[in-house]
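Given the structure is predicted, the values throughout are model-derived calculations rather than measurements.
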Amino acid sequence: MNGEHLPRRPQWHCQMCVPDTPWPCHPARVHLAEAYGRDRIGLSMYVGGLLFVVVVELPEVTPAELYERFVAWTR
């Protein structure tokens, strides 16, 4: 993603947006959608894979909330 709007881990906040902006932020979502183009399944698989990582790194956030944040927007 050209060094822009990448996640700061393990907090999963955007490195470029205002502090504490959850990642994927809007610009990151736009970039990911453009990068995957019409391959919605590939995009869903990518962010779904991230979901497994983020569930471990953010145990205080419910899996349902993380699903909405990482996967639901790809529909």
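V54 and M45 fall into different hydrophobic clusters, where Ile, Leu, Val, Met, Phe, Trp and Tyr residues are linked whenever their side-chain heavy atoms come under 4.5 Å apart, directly or through other members. Hydrophobic clustering (side-chain heavy atoms under 4.5 Å, transitive across Ile, Leu, Val, Met, Phe, Trp, Tyr) keeps V30 apart from L6. In the hydrophobic cluster analysis, where Ile, Leu, Val, Met, Phe, Trp and Tyr join through side-chain heavy atoms closer than 4.5 angstrom, V53 is grouped together with L43.
In this structure, CG in L50 is found 10.0 Å from CD in E57, a value given to the nearest 0.5 Å. To the nearest 0.5 Å, atoms CG (L51) and OH (Y67) are separated by 9.0 Å. The CZ atom of R8 sits 11.0 Å away from atom CE of M16, with the distance rounded to the nearest 0.5 Å.
Taking the six-membered ring for Trp and thresholds of 30 and 60 degrees, W12 and F70 have ring planes more than 60 degrees apart, a perpendicular arrangement.
The shortest distance between side-chain heavy atoms of C17 and H5 falls below 4.5 Å. When side chains are defined from C-beta on, P19 does not count as touching H13, because their heavy atoms never get closer than 4.5 Å.
Checked by atom type and distance alone, the side chain of R29 never pairs as donor or acceptor with a backbone atom of W73 at under 3.5 Å.
Contact record, Q11 with R69: O-NH2, 4.3 Å, taken as the closest heavy-atom pair. For the pair D39 and G42, the tightest heavy-atom approach, listed with the atom from each and the gap, is OD1-N, 2.8 Å. Of all the heavy atoms in S44 and T74, the pair that sits closest is OG-OG1, 3.2 Å.
Other residues, nucleotides and ligands contribute over 12 non-hydrogen atoms within 6.0 Å of the OH atom of Y36.
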